[in-house]
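For the numbers below, each heavy atom of this structure counts, side chains included, while hydrogens, waters and symmetry mates do not.
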Amino acid sequence: MTRDEAPEPGGREGNGGGEGVRPHPDRALYAISVAAELAGIPPATLRAWEAKGLLTPRRTDGGTRRYSENDIARSRRIAELSAQGVNSSGIRQILELQDENARLRGAASSATGDGPGAGQD
DNA sequence: TTTCTTACA
DNA sequence: TGTAAGGA
């Protein structure tokens, strides 16, 4: 990082009252090198996973990959799974299930008001 | 700086 | 499968 890069913040809310930044799941998108460092994985590997369909980072108009906190967490999961000997097929299934679970949690907490894992880990 | 392709282990 | 390097 020769320069503190600010990964093109597409749209931001007008902050006038010194509000703290809240890391949304899909809010801030990092460049590949940033995501690679955050996940502790070389950019080339991140690209390889994406080519296998294990990761699907958002792309900007120019075609640059933009990794969100979601993608970072996912990349860590992929790293562990692949390290355990899980093939891309298995990793993809696991990621799919985890993604579905996460989605169900959000829907449940939104409907009932109490968190899905309220009091449960 | 990032992307893609190709090659190697 | 993951990593390296080249060239745009």
Side-chain angles (χ1 to χ4, degrees):
Chain A
M1 311 154 184
T2 53
R3 225 156 224 321
D4 283 351
E5 322 262 332
E8 255 180 69
R12 358 183 113 279
E13 299 97 71
N15 266 351
E19 223 69 33
V21 294
R22 2 168 358 191
H24 261 257
D26 295 2
R27 231 285 289 231
L29 288 155
Y30 309 96
I32 183 162
S33 63
V34 175
E37 288 203 34
L38 285 169
I41 296 150
T45 307
L46 283 173
R47 259 201 268 121
W49 289 347
E50 196 220 11
K52 282 160 185 170
L54 303 179
L55 251 128
T56 11
R58 283 170 71 177
R59 292 274 270 261
T60 76
D61 189 35
T64 43
R65 294 172 173 82
R66 250 0 179 233
Y67 292 82
S68 70
E69 302 258 351
N70 247 309
D71 296 317
I72 305 294
R74 199 165 320 192
S75 59
R76 284 193 192 153
R77 226 159 287 138
I78 296 168
E80 298 227 2
L81 291 166
S82 73
Q84 287 173 62
V86 183
N87 347 305
S88 60
S89 305
I91 295 173
R92 203 190 297 164
Q93 304 304 314
I94 293 164
L95 285 158
E96 206 177 313
L97 292 169
Q98 296 195 328
D99 186 41
E100 189 180 314
N101 282 319
R103 188 174 11 177
L104 291 168
R105 288 177 197 247
S109 64
S110 176
T112 68
D114 46 12
Q120 189 140 297
D121 185 34

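- Taking atom CD of residue A/Gln84 and atom C1' of nucleotide C/dT1, one finds them 16 Å apart after rounding to whole Å.
- Applying the side chain to side chain contact (heavy atoms under 4.5 Å, CB included) test to A/Glu100 and every residue at least two apart in sequence or in another chain returns A/Arg103, A/Leu104.
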Inset, instruction - Report the secondary structure of DNA chain B in dot-bracket form, marking unpaired bases with a dot and bases paired to a different strand with |, and treating Watson-Crick or G-U pairs with both distances under 3.5 Å as paired. - result: .|.||||||
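- One finds a side-chain N or O of A/Trp49 lying less than 4.0 angstrom from the OP1 or OP2 phosphate oxygen of C/dG2.
- A side-chain contact (heavy atoms from CB on, under 4.5 Å) with A/Tyr67 is found for exactly one of A/Val34, A/Leu38, A/Leu46, namely A/Leu46.
- With sequence neighbours left out, A/Arg47 forms a side chain to side chain contact (heavy atoms under 4.5 Å, CB included) with A/Ile32, A/Arg65.
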Inset, instruction - Starting at the 5' end of nucleotides 2-9 of chain B, put B wherever the base has a protein heavy atom under 4.0 Å, S where only the sugar-phosphate does, and a dash everywhere else. - result: SBBB----
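- If you check the side chains of A/Glu69 and A/Tyr30, you find a donor sitting under 3.5 Å from an acceptor.
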Inset, instruction - Please test A/Arg59 against A/Arg66 for side-chain contact (heavy atoms from CB on, under 4.5 Å), starting from the C-alpha separation and ending with a verdict. - result: CA-CA 6 Å; A/Arg59 292 274 270 261; A/Arg66 250 0 179 233; over 6 Å; no
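- Taking every heavy atom of both residues into account, A/Glu50 and A/Pro57 meet most closely at CG-CD, 3.5 Å.
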Only pairs under 3.5 Å count here: list side-chain donor-acceptor contacts from residues 79-92 of chain A, not counting sequence neighbours, and write none if there are none.
from    : atom 1 : to      : atom 2 : distance (Å)
A/Ser82 : OG     : A/Ile78 : O      : 3.1
A/Ser82 : OG     : A/Ala79 : O      : 3.0
A/Gln84 : NE2    : A/Glu80 : O      : 3.2
A/Arg92 : NH2    : A/Lys52 : O      : 3.4

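- With sequence neighbours excluded, the residues forming a side chain to side chain contact (heavy atoms under 4.5 Å, CB included) with A/Pro42 are A/Thr45, listed by chain and number.
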